[in-house]
Trainee: 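Structure provided below as structure tokens; questions to follow.
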Amino acid sequence: MTTENKSRIIVALDDMDGAAAFHLARQVEGEVWGVKIGLELFIAEGASLVIDFTNRLRLNVFLDLKLHDIPNTVARAVSRAAALRASLINLHCSGGLQMMRAAKVALEALHISEAFPGTPPRLLGVTVLTSLKEEDLEWVGLGGGLAGGIAMTVKKMAEAAKAAGLDGVVCSPQEIALVRGACGGNFLIVTPGCRPEWADVNDQKRVMKPEEAVALGADYIVIGRPITKPPEKIGAPLDAVRAINSAIESALKERNDR
Ligand code: C5P
């Protein structure tokens with residue numbers, strides 16, 4: 001189920017237990033679009049944590065499980081994830097067109113099912129993980145195909161995701177403009193790897209400011225540590241959220257005024 005809110009922020013709840021994640025989410029609810037529950041938290045706390053979030057908090061949950069299996073298994077898994085009332089769920093584009101299509105068809109079936117209240121989640125494809133370089137793809141036999149390297153692989157995966165009926169993709173800030181150009185305005189683009197100018201880069205390599213990512217066409221930005229562990233000069237997580245929201249709003253206003 002999707003809660004509307006004009007913020008573009010999805011807070012990554014990493015490196016904390018369920019109680020700390022709920023507490024953090026409570027502090028920022030209403031001022032962020034949503035939170036991301038990834039494998040770490042999901043494996044530790046289980047589906048009941050997701051249900052707790054979606055029942056008790058005014059924000060959207062991005063259930064970042066990056067599914068990849070045979071079409072039938074992934075289709076069933078996304079239906080189960082939908083029942084937890086997440087707003088966004090994802091799978092790996094590299095699982096193939098049939099797997100993506102089967103997952104989307106399973107969600108579409110929920111749309112017309114009387115037993116399913118509300119709106120099913122939107123489905124995103126994970127393109128190429130930003131931790132991978134060209135030689136990593138070569139090493140597992142997936143490189144060398146496309147001139148233009150990883151960026152072209154990301155574009156191709158995004159086009160396949162769109163052809164399979166997915167709602168959008170997760171990609172790095174470097175590929176936002178390429179994907180937006182290839183897949184059009186109604187295709188969701190969610191990107192991690194963003195850092196406000198006042199934040200530590202941590203282990204992220206090629207970062208972009210959140211307002212730059214949004215100006216390039218990102219719909220939502222996934223940000224973890226700058227919000228969950230903000231620098232002292234910024235204050236609490238809610239202060240960090242407000243600073244990022246306001247930088248994004250100014251950038252969008254500037255663009256619209258041009
Ligand atoms: O703390 P930080 O802002 O770096 O967190 C970013 C989040 O986005 C983490 O949950 C990380 O796993 C995720 N992510 C990423 N880069 C990717 C894909 C996911 O940083 N390419």
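Numbering of ligands and ligand atoms starts at 1, following listing order.
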Trainee: How far apart are the C-alpha atoms of M16 and K229, what are their side-chain angles, what is the distance that settles it, and do they pass the side-chain contact (heavy atoms from CB on, under 4.5 Å) test?
Mentor: CA-CA 11 Å; M16 58 185 91; K229 300 182 179 102; over 6 Å; no
Trainee: For A12, counting its heavy atoms only, list the atoms of ligand 1 lying under 4.0 Å from any of them.
Mentor: 7 (C), 10 (O)
Trainee: Nearest to atom 13 (C) of ligand 1, what protein heavy atom do you find, and at what distance?
Mentor: K36 NZ, 4.0 Å
Trainee: Closest non-hydrogen protein atom to atom 18 (C) of ligand 1, residue and atom name please, with distance?
Mentor: P192 CG, 3.6 Å
Trainee: Identify the protein heavy atom lying closest to atom 2 (P) of ligand 1, giving its residue, its atom name and the separation to 0.1 Å.
Mentor: R195 NH2, 3.4 Å
Trainee: Need the ligand 1 atom indices (1-based, order shown) with element for anything under 4.0 Å from a heavy-atom of I223.
Mentor: 3 (O)
Trainee: Only one of D64, N90, D14 passes side chain to side chain donor-acceptor pair (under 3.5 Å) with K36; say which it is.
Mentor: D64
Trainee: Could you find the nearest protein heavy atom to atom 21 (N) of ligand 1 and give me its residue, atom name and distance?
Mentor: T130 OG1, 2.4 Å
Trainee: Counting N and O atoms only, with roles assigned by atom type, does the side chain of E211 sit under 3.5 Å from a partner on the main chain of A251, one being a donor and the other an acceptor?
Mentor: no
Trainee: Mind checking what makes side-chain contact (heavy atoms from CB on, under 4.5 Å) contact with A77, not counting sequence neighbours?
Mentor: L67
Trainee: Between the candidates D14, L132, L13, V11, which shows the shortest non-hydrogen contact distance to atom 10 (O) of ligand 1?
Mentor: D14
Trainee: Out of all atoms in ligand 1, which are within 4.0 Å of some heavy atom of V222? Include the element for each.
Mentor: 7 (C), 8 (O)
Trainee: Between ligand 1 and R225, is the shortest N or O to N or O distance under 3.5 Å?
Mentor: yes
Trainee: Is G224 in polar range of ligand 1, meaning some N or O pair under 3.5 Å apart?
Mentor: yes
Trainee: Are any of the N or O atoms of D203 closer than 3.5 Å to those of ligand 1?
Mentor: no
Trainee: Whether the side chain of E212 engages the backbone of K209 through a donor-acceptor N/O pair (distance < 3.5 Å, no angle test) should be reported.
Mentor: yes
Trainee: Among all protein heavy atoms in this structure, tell me which lies nearest to atom 6 (C) of ligand 1, with the distance rounded to 0.1 Å.
Mentor: Q204 NE2, 3.8 Å
Trainee: Does atom CD (E135) have a neighbourhood of more than 12 heavy atoms from anything else shown, all under 6.0 Å?
Mentor: yes
Trainee: Let's go through R195 and N202 carefully: what are the C-alpha distance in whole Å and the side-chain angles of both, what is the deciding distance for side-chain hydrogen bond (donor to acceptor under 3.5 Å, both in side chains) to 0.1 Å, and is it a yes or a no?
Mentor: CA-CA 9 Å; R195 283 291 179 270; N202 308 112; 2.9 Å; yes
Trainee: Kindly indicate, with the supporting measurements, whether the criterion side-chain contact (heavy atoms from CB on, under 4.5 Å) is fulfilled by K253 and E249.
Mentor: CA-CA 6 Å; K253 186 169 179 305; E249 272 169 37; over 6 Å; no
